[in-house]
Amino acid sequence: MLQVNFIRDNKEQVIAGMQTRNYKGAQLAVDKVLMLDDQRKSTQTELDTILAANNKISKEIGGLYKQGKRDEAEGLKAQVESQKGRVKELEEEMRQVKVKLRDALLEIPNVPHPNVPPGNTDEDNEVFQDWSKDLPEMGADAQPHWELGKKYNLFDFELGVKITGAGFPLFRGRGARLQRGLINFFLDAAHKAGYEEFMPPLLVNEDSARATGQLPDKEGQMYHATKDNLYLIPTAEVPVTNICRDVILNEKDFPIKMTGHTPCFRREAGSYGKEVKGLNRVHQFEKVEIVQVVHPEKSYEVLQEMVKYVEGLLQQLKLPYRILTLCGGDLGFTSALTYDFEVYSAAQKRWLEVSSISNFETYQSNRLKVRFKGSDKKTHLAHTLNGSALALPRIIAALLENNQTAEGIKIPKAIQSYVGMEIIS
RNA sequence: GGAGGAGUGGCAGAGCGGUUGAAUGCACUGGUCUUGAAAACCAGCAUAGGCGAGAGUCUAUCGGGGGUUCGAAUCCCUCCUCCUCCGCCA
């Protein structure tokens, strides 16, 4: 979430940003935050005044007892005692106003970067780099990946249903090896690019889920192990970013580059139809995530670097891709600027999103409390960024569909040594 | 899962009801000294929030939450984490 003081100092900018996102009632939401903050301040001022007086008297009582002046001490005791009711009231008021303020702040989205194009839906996203000119033509007999998976026995949705339910694919044989090879390929690439590799826990506690913003906003998106009150991670972003929670860094620690492969669990409640056919949308999938925590002055430079990095991966895989700048209406609530990567799925004749790279500026770090000591010796919030590099199912879908030939599915050179095959036939 | 012990500043470690936001040591930062460094010496060194132009000042925080008390790091309850022993187990 945004800092109250930032909202106070940049009120017009915050409201304008909310309008870019087609947020209704921006002015009202912002005024509510400021009003609640004023209320918080005045309550604290009153409370602090009483507490200061009480503390002072209590110290005097200590002195009086030492001198044996019991009667005087008793009188002062009564004086403090008389304030207790009011203190309780104010403390309760404080608690309530803080909760209200937090809730109001959660309603305020991040301020979009000036480069964010206006617009309402994914139709309005700006194609910032496009390879659509030489899209592969597969012919009428081209098969979608779910047919190819069946044909070559790479994955089995029916068995996934039997074991768990819809949306839990079972990879087998060469399909499983293809996936494992790709994961290793992505992890090795991240390692070469200077990211530290992590294998984090796949269940997280409430604090972690709250810090990266899954709670309370996206509660329904996560699987919840209620007995232990733990959540299955919807992305490695959650455990990996939480490494830096409540940490005060030194400027020389930047940039912090982290990566990790994890399964991701998403309930995707309400999804159905063609959009979710095959591997297009599933409840459990593999993903390699990259996360950076950087100095605020560097974050947009780093965002470009991350885009270039993901671009490099797709080029090595020889997949036709395009990069989109998300418009105001499609931009994630917590992001200031997001680039989506889509690969072309030749048999389905559609673009599939495989990566989303975002700069959250301080929006995430404010909740995480990731700070650093600047050269001015003060603490400041760091900027956080993350992106998929990459999500597996749709990459696999596109690889299978685009590389199908009469002889079989050709494995791109870059990953042959990882997969241990040149062709799936 | 059962029994016992413990959680204090970046680290180590005192304090166990009264001016203790917290001794001391180490680390760190600045200074003196030195050709430079080390050593020695001097000074500084938590986070968040309120008030204030600022100097500053007040409040909260000694694993988390709650309670007792005029007053809690110190007493009580509860939860969490770590250590030791037993049980179970890939």
So which atom in [X] and which in [Y] form the shortest heavy-atom distance, rounded to 0.1 Å?
{"X": "His145(A)", "Y": "Ala397(A)", "result": "ND1-CB, 3.4 Å"}
{"X": "Val307(A)", "Y": "Phe341(A)", "result": "O-CZ, 3.4 Å"}
{"X": "Arg245(A)", "Y": "Ala211(A)", "result": "CD-CB, 3.6 Å"}

Give me the distance, rounded to whole Å, that separates [N] from [M] when you measure between the [atom1] atoms they each carry.
{"N": "C85(B)", "M": "A46(B)", "atom1": "C1'", "answer": "38 Å"}
{"N": "G66(B)", "M": "G17(B)", "atom1": "P", "answer": "24 Å"}
{"N": "C33(B)", "M": "C41(B)", "atom1": "C1'", "answer": "9 Å"}
{"N": "A37(B)", "M": "U32(B)", "atom1": "P", "answer": "11 Å"}
{"N": "U24(B)", "M": "G13(B)", "atom1": "C1'", "answer": "8 Å"}
{"N": "G5(B)", "M": "C75(B)", "atom1": "P", "answer": "14 Å"}
{"N": "A43(B)", "M": "G67(B)", "atom1": "P", "answer": "43 Å"}
{"N": "A39(B)", "M": "A53(B)", "atom1": "C1'", "answer": "45 Å"}

Check your understanding: When all nucleic acid strands are considered with a 4.0 Å heavy-atom cut-off, which category describes Lys373(A): base, sugar-phosphate, or nothing?
Key ->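 Contact class for Lys373(A): sugar-phosphate only.
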
Review point. Is Ser42(A) touching bases, backbone alone, or none of the nucleic acid, heavy atoms closer than 4.0 Å?
Key: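 It contacts nothing in the nucleic acid.
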
Exercise for review: Let me see the working for His113(A) and Tyr300(A) under ring-ring contact (aromatic ring centres under 6.0 Å, His included), right down to the final yes or no.
Suggested key: CA-CA 10 Å; His113(A) 187 272; Tyr300(A) 281 97; 4.4 Å; yes

Check your understanding: Can you find a pair of side-chain heavy atoms, one from Lys308(A) and one from Gln304(A), that are under 4.5 Å apart?
Key ->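 The answer is no; the side chains never approach within 4.5 Å.
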
Review point. When you check the gap from the basic side-chain N to the acidic O, do Glu46(A) and Arg86(A) get nearer than 4.0 Å?
Key: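 A salt bridge links Glu46(A) with Arg86(A).
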
Check your understanding: Any ion pair linking Arg8(A) and Asp38(A) (charged N to carboxylate O, less than 4.0 Å)?
Key ->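 Here Asp38(A) pairs with Arg8(A) in a salt bridge, since their nearest N and O are under 4.0 Å apart.
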
Point to revise | Plane angle bin for Tyr223(A) and His283(A) - parallel if under 30°, tilted between 30 and 60°, otherwise perpendicular | key: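 Perpendicular.
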
Exercise for review: Please work out which of the three classes, parallel, tilted or perpendicular, describes the rings of Tyr363(A) and Phe333(A), given edges at 30° and 60°.
Suggested key: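 Answer is perpendicular, since the angle exceeds 60°.
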
Exercise for review: Hey, which sits more toward the 5' end of RNA chain B by its nearest nucleotide, Thr45(A) or Ile248(A)?
Suggested key: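 First, find each residue's nearest nucleotide; the 5'-ward one identifies Ile248(A).
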
Practice item. Spell out protein contact along nucleotides 59-70 of chain B as letters: B when the base is contacted, S when just the sugar-phosphate is, - when no protein heavy atom is under 4.0 Å; keep the 5' to 3' order. Key: SS-----S---B

Point to revise | Output field: ring centroids His295(A)/Phe372(A) closer than 6.0 Å | key: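 Under 6.0 Å, so yes.
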
Point to revise | Watson-Crick or G-U stems of RNA chain B, 3 or more pairs, under 3.5 Å, by first number | key: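 Counting only runs of 3 or more consecutive pairs, the stems involving RNA chain B are B:1-7 with B:80-86, B:10-12 with B:24-26, B:28-32 with B:40-44, B:46-51 with B:56-61, B:63-67 with B:75-79.
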
Check your understanding: Any sub-3.5 Å donor-acceptor pair from Asn359(A)'s side-chain atoms to Leu303(A)'s backbone N or O?
Key ->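 Absent.
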
**Study point:** Side-chain (Ser355(A)) to main-chain (Ser388(A)) donor-acceptor, under 3.5 angstrom
**Key:**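 Judged by distance alone, yes, a pair lies under 3.5 Å.
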
Tell me: [atom1] of [X] to [atom2] of [N], nearest whole Å?
{"X": "Asp228(A)", "N": "C80(B)", "atom1": "CG", "atom2": "P", "answer": "11 Å"}
{"X": "Leu101(A)", "N": "A48(B)", "atom1": "CG", "atom2": "P", "answer": "17 Å"}
{"X": "Lys378(A)", "N": "C45(B)", "atom1": "NZ", "atom2": "P", "answer": "16 Å"}
{"X": "Met94(A)", "N": "G50(B)", "atom1": "CE", "atom2": "C1'", "answer": "8 Å"}

Review point. What parts of residues 197-211 of chain A reach RNA chain B, counting only heavy atoms under 4.0 Å away?
Key: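 When residues 197-211 of chain A is checked for heavy atoms under 4.0 Å from RNA chain B, there are no hits whatsoever.
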
